[in-house]
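Here the structure comes first, spelled out in structure tokens, and everything after it is commentary.
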Protein chains: 2
Amino acid sequence: MTIKDIANAVGVTPTTVSNVINGNYHKVSQKTIDKVQKVIKESGYVPNKNARALANNSSKIIGVIFPKTTEGFMQDPFHSQILTGIEKIVGAKKYDLMIKSIDNYEEIYELMRNWSVDGFIILSLIGYQLPQLEKFKNVPAVFIDTYYEELKYINIGSEDYQGEFKAANYLLEMGHESIGFISYHIDYPSVISMRLNGFKDAIESKGLPFDCSENVLEIVGFDPIGKDCENKILDFVKDKTGICISADILAIEIMELLRSKGYRIPEDISIIGFDNVYLSRLVNPKLTTINQDIIAKGKIAAENLINMIEKNNKEKPNIKIPTNLIIRDSVKKIND
Amino acid sequence: MTIKDIANAVGVTPTTVSNVINGNYHKVSQKTIDKVQKVIKESGYVPNKNARALANNSSKIIGVIFPKTTEGFMQDPFHSQILTGIEKIVGAKKYDLMIKSIDNYEEIYELMRNWSVDGFIILSLIGYQLPQLEKFKNVPAVFIDTYYEELKYINIGSEDYQGEFKAANYLLEMGHESIGFISYHIDYPSVISMRLNGFKDAIESKGLPFDCSENVLEIVGFDPIGKDCENKILDFVKDKTGICISADILAIEIMELLRSKGYRIPEDISIIGFDNVYLSRLVNPKLTTINQDIIAKGKIAAENLINMIEKNNKEKPNIKIPTNLIIRDSVKKIND
DNA sequence: CTGAAAGCGCTTACAG
DNA sequence: CTGAAAGCGCTTACAG
């Protein structure tokens with residue numbers, strides 16, 4: 001079933017059929033429109049989008065790009081929720097979705113030319129790789145959580161600074177005076193460095209001293225936490241009553257470690273996470289954390305991209321999703 | 001940059017360029033091959049796959065189909081891990097990946113015709129909808145976790161029966177005599193009904209009586225668990241020492257519920273899950289469970305699909321991933 | 001071994 | 001309002 005078949009069945013030319021399919025109604029009489037639509041419906045005609053894309057140099061495909069990692073990117077619940085949000089909007093707006101993990105930013109360009117992809121959502125780009133995207137400049141794209149001074153694209157981030165400020169501030173208000181921040185490797189600038197800034201400013205806003213070597217522990221390597229790393233954490237925690245941890249997943253790992261060493265949480269030490277992932281309310285004690293609506297983030301990314309594509313919108317705003325404190329059971333009040 | 005441009009640059013026709021791109025080397029002289037490849041490399045030529053798909057009626061696109069749910073499908077860590085496995089193989093084999101959530105199985109057919117999609121991986125199809133796929137019969141497709149008598153497609157499942165048998169058997173060997181099985185809604189046949197059979201047979205293999213109304217609790221609705229549901233669970237658990245739960249996520253929810261009612265795990269009641277999701281080792285106590293390699297499942301699905309496509313393989317095997325017991329801390333030994 | 005030509009299914013100026 | 005025709009970038013019999 002092709003446009004030509006429809007045209008023959010109705011007794012009209014492919015031009016006319018194409019016009020009704022594409023809603024160019026002002027070019028066709030109502031009588032013809034009706035006849036064509038009837039035959040299309042009855043025949044179960046499905047357009048060949050490859051042909052359409054070839055003729056239009058535009059596919060209504062959106063590409064989601066993420067880094068090729070050994071563990072597998074979607075493993076991380078954060079990313080799968082982003083994808084959930086993206087997929088909802090993309091589907092609702094009648095676009096198709098391609099996903100691809102890459103090693104090398106040339107591959108984005110290649111994918112674009114392969115299929116005449118209309119736009120991209122790019123997850124977890126490392127900032128310093130941005131210059132490689134020069135030739136990509138005129139392609140509609142939105143980034144997620146990419147901080148880089150010269151970013152010429154829309155970025156969808158979160159209020160990371162404000163969120164971690166709230167977290168640290170809560171600890172301080174609960175009477176904690178010696179607090180720390182633990183994170184995986186900290187890139188600058190990045191989501192994590194923003195959070196660290198919020199932490200620092202919360203401390204200083206109370207007139208307390210902040211010192212990187214005192215208040216911050218950056219851990220290398222990934223889960224499960226290695227032996228040497230364990231000792232660093234135990235050492236770091238010793239003289240503190242409360243810890244902000246840059247992500248729930250890591251917070252949960254660390255809670256597990258501390259528990260195994262005989263710490264009671266929150267009696268012996270208070271913990272606060274970031275992200276409010278699903279499992280944060282299922283661990284024991286339930287984790288106090290900073291919430292962000294990750295699915296909304298994916299949706300906003302897709303909505304902005306589609307706006308760029310359809311309205312040829314040239315603005316490059318830096319959008320930030322709000323973050324808010326979720327109080328559960330992993331922080332205790334200190335009275336003195 | 002098109003094939004025609006390359007042809008002009010080399011001084012040859014598009015036919016020849018196409019032949020070298022497609023590896024039809026026996027049709028071209030070595031000298032010409034070299035010249036064409038050199039120009040392709042230098043020019044940064046990228047093929048237009050829409051044109052190729054249009055000419056070939058085949059796209060090297062693989063579609064991953066999943067149901068449109070309100071919560072969002074990829075939320076579930078199980079599904080995002082499957083997707084991780086699929087993406088790895090699809091990328092490695094130089095295919096492209098489209099994903100789409102659907103309400104209605106007609107949409108699969110539509111997607112196929114839209115893009116000349118070469119094959120599909122279909123997740124969480126409800127068995128009784130299979131007959132709707134009649135017209136889809138000749139399209140390469142593999143299903144994941146779909147049990148249906150008349151399945152004419154490859155299905156990639158797990159040893160659900162054997163896994164739950166091992167789980168229940170472990171409880172029995174640890175001295176538990178009154179044990180139960182808790183699950184969300186049980187379809188027949190399905191992953192869950194297979195697990196229930198394994199549970200039942202383990203009990204009966206010890207010469208113990210099995211009675212559905214005694215040993216099985218099917219809960220309706222989803223997380224978080226509702227009030228009425230809570231009471232059912234508490235009631236069910238009262239006269240038992242060990243519980244098999246059909247999925248880790250549910251097990252973790254239930255552990256949380258029991259803890260809040262004063263139960264100590266495993267001292268007061270033993271719990272065993274299924275799936276070995278990431279968080280099962282992060283909860284307290286660490287969850288004893290049945291492991292399956294979910295990423296491998298995704299990989300096997302993709303490998304089988306691509307074999308079907310490329311070798312025109314007509315076999316429809318029913319593949320099952322092994323399951324094994326992971327002993328952690330949520331089951332205690334009962335000595336009498 | 002190489003090329004001319006038709007065809008895949010659509011869109012889009014252009015003419016009438 | 002309708003249609004004839006060229007074009008999008010590829011592939012593939014077929015002829016030489």
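Chain identifiers are assigned alphabetically (A, B, ...) following the order of the sequence lines, protein sequences preceding nucleic acid strands; residue numbering begins at 1 within each chain.
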Provide the full list of salt bridge (Lys or Arg N to Asp or Glu O under 4.0 Å) pairs with a residue in residues 49-60 of chain A, sequence neighbours left out, each pair given once.
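Passing the test, one end in residues 49-60 of chain A: Lys49(A)-Asp96(A).
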Please list, chain by chain and in numerical order, all residues satisfying salt bridge (Lys or Arg N to Asp or Glu O under 4.0 Å) with [X], sequence neighbours excluded.
X	answer
Asp293(B)	none
Lys38(B)	Glu42(B)
Asp118(B)	none
Glu106(A)	Lys135(A)

Given dG3(C), is OP1 or OP2 found less than 4.0 Å from the side-chain N or O atoms of Thr16(B)?
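Answer is yes, contact under 4.0 Å.
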Taking only the side-chain nitrogens and oxygens of Ser29(B), find out if one of them lies under 4.0 Å from OP1 or OP2 of dT2(C).
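Yes.
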Consecutive Watson-Crick or G-U pairs in runs of at least 3, all under 3.5 Å, in which DNA chain C is involved:
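DNA chain C stems, ordered by first number: C:1-3 with D:14-16, C:5-12 with D:5-12, C:14-16 with D:1-3.
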Letter per nucleotide, 5' to 3', of nucleotides 8-14 of chain C [B base touched, S only sugar-phosphate touched, - untouched; heavy atoms, 4.0 Å]:
BBBSBB-
Would you tabulate the side-chain donor-acceptor contacts of residues 15-23 of chain A under 3.5 Å, counting partners in other chains and residues two or more places apart, or write 'none'?
unit_1	atom_1	unit_2	atom_2	d
Ser18(A)	OG	Asn22(A)	ND2	3.3
Asn22(A)	ND2	Ser18(A)	O	3.0

Would you check, one step at a time, whether the test side chain to side chain contact (heavy atoms under 4.5 Å, CB included) holds for Phe120(A) with Ile62(A)?
CA-CA 6 Å; Phe120(A) 291 93; Ile62(A) 285 178; over 6 Å; no
Value in whole Å for how far the C1' atom of dT2(D) lies from NZ of Lys31(A)
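Going from NZ in Lys31(A) over to C1' in dT2(D) covers 14 Å.
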Of all residues at least two apart in sequence or in a different chain, which pass the side-chain contact (heavy atoms from CB on, under 4.5 Å) check with Asp160(A)?
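Asp160(A): side-chain contact (heavy atoms from CB on, under 4.5 Å) contacts with Tyr147(A), Ser158(A), Val191(A), Met194(A), Arg195(A), Phe274(A).
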